[in-house]
There are 2 protein chains.
Amino acid sequence: MPRPLPILLALLALANAPAPLRADEGMWTFDNLPLKQLKEKYGFVPDQAWLDHVRLSAIHFGGASGSFVSPDGLVLTNHHVGRGAVQRLSSKEKDYIKNGFLAATREEELKVPNLTLRTLMAMENVTERVRKAVKAGATEKDAAKQRLAELDAAKAEVEKKTGLSCDAVTLYQGGEYWIYGYKRHTDVRLVAAPEMGIAFFGGDPDNFTYPRHNLDVCLFRVYEDGKPYRPPHFLNWAEGGLKAGDLTFVVGHPGRTARLQTYAQMLYERDTAIPNGLKSSGRLRDVLMEYSARGAEQARQVTTLIFGVENGLKANKGALDGLKDVEAMKAIEKAEKELRARVAADPKLTASTGQSWAKIQGALDKQKAFAKEAMFVGSARSTTLGQALGLVRLADQVALPEAARLSEYRSEASLKSLRTRLSGPSTGMMGMAFNPDQETLMFTRGLEDALKELGPDHAFVKTVLGGKTPAEVAKSAVEGTKLGDAAVRKALVEGGKKAIAESADPMIVLARKIEPEALKLRKKQDDVAAVISEHASRIANARFAVYGKSRYPDATSSLRLSFGPVASYPANGTLIQPFTTFHGLFDRYEGWGGNAARAENGAWTLPQRWLDRKSKLNLDTPFNFVHAVDIIGGNSGSPVVNVRGELVGLIFDGNIESNAGRYFYDARVNRGVSVDARAILESLEKVMDAGHLVKEIRGK
Amino acid sequence: MPRPLPILLALLALANAPAPLRADEGMWTFDNLPLKQLKEKYGFVPDQAWLDHVRLSAIHFGGASGSFVSPDGLVLTNHHVGRGAVQRLSSKEKDYIKNGFLAATREEELKVPNLTLRTLMAMENVTERVRKAVKAGATEKDAAKQRLAELDAAKAEVEKKTGLSCDAVTLYQGGEYWIYGYKRHTDVRLVAAPEMGIAFFGGDPDNFTYPRHNLDVCLFRVYEDGKPYRPPHFLNWAEGGLKAGDLTFVVGHPGRTARLQTYAQMLYERDTAIPNGLKSSGRLRDVLMEYSARGAEQARQVTTLIFGVENGLKANKGALDGLKDVEAMKAIEKAEKELRARVAADPKLTASTGQSWAKIQGALDKQKAFAKEAMFVGSARSTTLGQALGLVRLADQVALPEAARLSEYRSEASLKSLRTRLSGPSTGMMGMAFNPDQETLMFTRGLEDALKELGPDHAFVKTVLGGKTPAEVAKSAVEGTKLGDAAVRKALVEGGKKAIAESADPMIVLARKIEPEALKLRKKQDDVAAVISEHASRIANARFAVYGKSRYPDATSSLRLSFGPVASYPANGTLIQPFTTFHGLFDRYEGWGGNAARAENGAWTLPQRWLDRKSKLNLDTPFNFVHAVDIIGGNSGSPVVNVRGELVGLIFDGNIESNAGRYFYDARVNRGVSVDARAILESLEKVMDAGHLVKEIRGK
């Protein structure tokens, strides 16, 4: 508020002055860590023993991450990573998601069906042999095949030699090839899970944000031969705990980044791809909400779906905000100019890559020209029409010689998977069973949108409407179709082109009419994708030739190390606190009116146990914190360790600003959000009745 | 974080769905409240007794607001409103700002020198008589004079009739004229003030933001004839307290809004005026920080100044963000089009106002052409050169016939004030005493900026540099000048044109050379301002003719009523909690590392007493809250009352989004920030040893 300058403000001094940037970009592979940078900035260089220790303590947990945290094979990950397992172990009577779970003894630990964890034991660089496998004079296409074959052979050899389960890992878009060998753990048992209400406190509104107050934690145990596994390495829990400015390391499996795209691709995402995606998702949300408003049962059917759409909108909106950052985009443009100058200065690189940026730009221009069509030509939000289109295309494609087919209709494995999907009980875009009311509404709105956006004279619109209104077309097709029955679809899959041609199912009839237009679009898309893929790969190779391993590779779900200090960041007009505490949990709970108010559909309500035992908790305990580490989806469940290699926290999210991390790392505001290890111990002991686990963890 | 859709999310339901807008725009005068709107939206219509009660309980406190809150004349306002008074009562030994103040008995209450509070007792509409005072055929200029004279006469009459202290109040830019009559209270005593550390917890980083945790509260008492004043009206404190969604009213004195500017003026502010201002202030901050970095003493000198600059930057950045809101700007443009259509449909309005928008646009175009010059032609950040320019212009202007002078050199009162200021001990732009080092740096950087931005061939740059470098010019002028001595300036003021012409002081020499260029610029600015003022007034009259009192007038520091519910808003990727609690205070305290860490120069540190007595506090007590009320600077200290006219809170700030309120009210995100009345009582009783005041307030 405007006010006279208070005298004592002098005491506070320079509060808004920009803090020196100490955040550190990069998701580094374990063979190539920026040790010099670490030494210069933090005076700390991890030795090989430190690196081996944290690597061998780390776990690949589904698409995400985890770690060993006791000598008896206790595994720590996020609740949202272990949630599927907890769900599979739950029943109507025993709702471990809602009520949490605790095994009071080892005997009570529950084996999770179909869960395999993996530890990265060996990494073998096979770049040279893969390169040499390419025969002189091979075309680009043949070269790719020869590389792939050699990589497969290398993988098989390493598997045989080590007995490990291996992955072929391509880094720097083909700058390097590795075989990563994993030890697999298949006997995994659930040990403890808190209630969903505390694991996901704040719900979807708070998701992707900070300040946070989530006990997003789940404990499992690995068994071998029916006994708790004794891992050669596990993380000790730090005695002291972090404070602001302390250096942290994150060991985990970041999924995918797209930071090495060309500037033109970034602009395309900013100006076309993401806005179109947001528009489409926003429209989907609106239609789902229209359906939801029809009644309680309808709301129940689509609530989870709406959440998913909302979350996607939030993440993509965050990414778009990042791409709108003028400074960040300038930096991306500048880096590209530098690389292009280096390419231009090298005749060999010029020959291979000199035209690549222009080629990609040209392809994007083409893509832009049909971007709107790509949004509307197709199933028009009808799950059933989508299935019908799949059936029609399958029959058409398999009737062609293999070389003439679209890529996914070539291999037997791929065809098998397509057939299974199309014959299954629920194969629609949204994975929902056939529901005529919902289907009619979605289809009607989808057709209305196509009509509005493409106009009545567009070939697709004319074909699909055939002179009727969207509502008429949708109503009669949904009423007449039998594709909601999986057996009907199975028969059409098996009957092939003849069965499709003879079918009078109105959705199949529509799909047959639409397919020529849809296929034309698909071929245009394939042409563009081929150009982009080829030249993105050339640019990647040029970049690797110029910069080598001074840069980190884009995330590829392989094990990485990120690092940076616990650090505030500017947002919401102020500076954001580095830590939250249990006080903050109850502040937000009370601030929203508590369980009685159930504000925002209960997003900030708490399980009763947390209210009953509040007085037992040391409310000053740090609960969550932010640190300037470069992470992304897939890092969920990653252990956060200090310079002594001890566990100090558990990554579970990034702040809203971190969504831009898909495209670039903005050290000023991109932050990882972690559960503080001290809060885990305090919760286990004071609320979750798990003193025995605290003793195990503490080694006492 | 990307994650599989959790099953139980269904429980949370639609958390991100847009909430129905219930916020309410308008700072309404007490004679013209939107009763229909209140009834329709809230089913509540305040009767005249309710309105009289809250109006007569409200206080005009300096440029801000306050209220009577006990039968014995206790006055509640913000700490930042009462801070000047607290400061004046403090001494080196008794630092009531740092340590707080409490009068344990009435005898200990401290009389504040030179503090007058006012209560609005009477409002008389004199529009008709003022209109009639304008003689037929008078020019615009004469009409203005006649209106002013009649308004003065009316004011004198009401003062005589009522014995009240009166203000002439112009509303709707001349649509209405009122005489407001106030009862004055001149014996005002300090009763209680908390420590600065809790009143301004979060310091400048948190200023203008929410969630907040400030006890921004100060208690005074009005005396009459040496005894506590018994006000005919005072606010009872609510027994229950608010919850989210409850309707609140704010009674206070909003200072100034500029919502009725033309769309072109808004664009000019967005694209030119504010960006230029931010650039200039940003540069000023950088130079001050450069100076500050020279040492501890230098830092001490300019710290408060830097805060002021930072706060201004923050507020203006917020306002600019508002003007960048596409939807808001569309609404402004639409409203203007509607008004213009109404004007176009009315021949009389067309005659007076039809050209006004184009005239303003034309003036803005001219202004834009010299906007850059206006940033750099002048004192070039030298306080002393600024004084020298003032001295030179004063001498030049008084030598001219009155009609030929710039406006501020015409009346004797104005000239006297100018002379006093120029002869005073510290008259520079930044109110600081002459300091050669600081002055040399500021001047050097100012000249460098002018050179860089205007180029070496600009007349001003050529004149001021005279072929030397900025550093040379600044160094020799600062070394040689005697204007740091007030006596020297006084002699020049008294010596007039002759003394100025003969002065060899290097700053005066420079100023004499610069003045022709500076004067040329000033005249261009005056020409533009005259056009804008004239046509803004015509548009305002047209608007009033078309819409009358269905709209509220721009804020003018006169008493207003705003209303709206306690309500969350979307920010920082989530929804913001309606209330904070004392838990949040300690969360933020601990989250920044507490008093030991003194993070960000101690912005989130707490007075020891608050730590010692933490266990006595009910930490669940609501501390601050946000409500959708339309307020702006000047509303500080306004009481927040419920539908029963009881005190439930105390306005002390707006959120960062509210800075756009200067231009428009965005119901979606603009929120007032208040101290909850329950937190005031809890603090007085549990921490501030003021149980006797709680008893007085509670009437027990």
Side-chain angles (χ1 to χ4, degrees), chain A residues 1-16 80 83-84 87 97-98 196 203-206 208-209 243-244 300 303-304 306-308 310 314 571-575 577-581 583-584 586-588 590-593 599-603 620 633 636 652-654 656, chain B residues 1-16 80 83-84 87 97-98 196 203-206 208-209 243-244 289 303-304 306-308 310 314 571-575 577-581 583-584 586-588 590-593 597 599-603 620 633 636 652-653 656:
Chain A
M1 191 117 292
R3 60 191 159 66
L5 279 175
I7 299 301
L8 277 209
L9 272 179
L11 287 175
L12 304 176
L14 306 189
N16 273 353
H80 80 268
R83 196 168 297 156
Q87 178 62 28
I97 296 283
K98 185 180 172 202
M196 179 80 171
D204 267 77
D206 276 2
F208 300 112
T209 74
K243 60 181 193 310
R300 190 198 63 75
T303 295
T304 307
I306 291 172
F307 275 140
E310 290 278 4
K314 194 187 221 185
N572 201 24
T574 183
L575 295 169
Q577 58 195 68
F579 292 88
T580 65
T581 66
H583 274 302
F586 291 102
D587 178 61
R588 201 165 287 201
E590 296 288 348
W592 280 103
E600 298 299 325
N601 297 287
D620 292 347
S636 283
F652 73 97
D653 205 350
I656 189 78
Chain B
M1 189 121 291
R3 60 192 159 67
L5 280 175
I7 300 302
L8 277 210
L9 271 178
L11 288 174
L12 304 176
L14 305 189
N16 273 352
H80 79 268
R83 196 168 297 155
Q87 177 63 27
I97 297 282
K98 185 180 172 201
M196 179 80 172
D204 267 78
D206 276 2
F208 300 112
T209 74
K243 60 181 192 312
M289 288 185 65
T303 295
T304 307
I306 291 172
F307 275 138
E310 290 278 4
K314 194 188 227 186
N572 201 25
T574 184
L575 295 169
Q577 58 196 69
F579 293 88
T580 65
T581 66
H583 275 302
F586 291 102
D587 177 60
R588 201 165 286 202
E590 296 288 347
W592 280 104
E600 299 298 326
N601 297 288
D620 292 347
S636 284
F652 75 97
D653 205 350
I656 189 78

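These values consider heavy atoms only, across backbone and side chains, with no hydrogens, waters or symmetry-generated copies. In what follows, chains are A, B, ... by sequence order, proteins preceding strands, each numbered from 1. Computed from a predicted structure; not experimentally measured.
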Q: For chain A, find which of G591(B), A571(B), G584(B) contributes the most heavy-atom pairs closer than 4.5 angstrom.
A: G591(B)
Q: Below 4.5 Å from any heavy atom of chain B, which atoms of A244(A) appear? Answer side chain, backbone, both or neither.
A: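 For A244(A), there is no contact with chain B at all, as no heavy atom is under 4.5 Å.
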Q: With Q577(A), which residues qualify under side-chain hydrogen bond (donor to acceptor under 3.5 Å, both in side chains), at least two apart?
A: D587(B), R588(B)
Q: Using the test side-chain contact (heavy atoms from CB on, under 4.5 Å), find all partners of A599(A) that sit at least two apart in sequence or belong to another chain.
A: W592(A)
Q: Counting N and O atoms only, with roles assigned by atom type, does the side chain of K243(B) sit under 3.5 Å from a partner on the main chain of G593(A), one being a donor and the other an acceptor?
A: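 Between the backbone of G593(A) and the side chain of K243(B) there is no qualifying donor-acceptor contact (under 3.5 Å).
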Q: Of T209(B), D204(B), D206(B), which is the lone residue that meets side-chain hydrogen bond (donor to acceptor under 3.5 Å, both in side chains) with T574(A)?
A: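 The passing option is D206(B).
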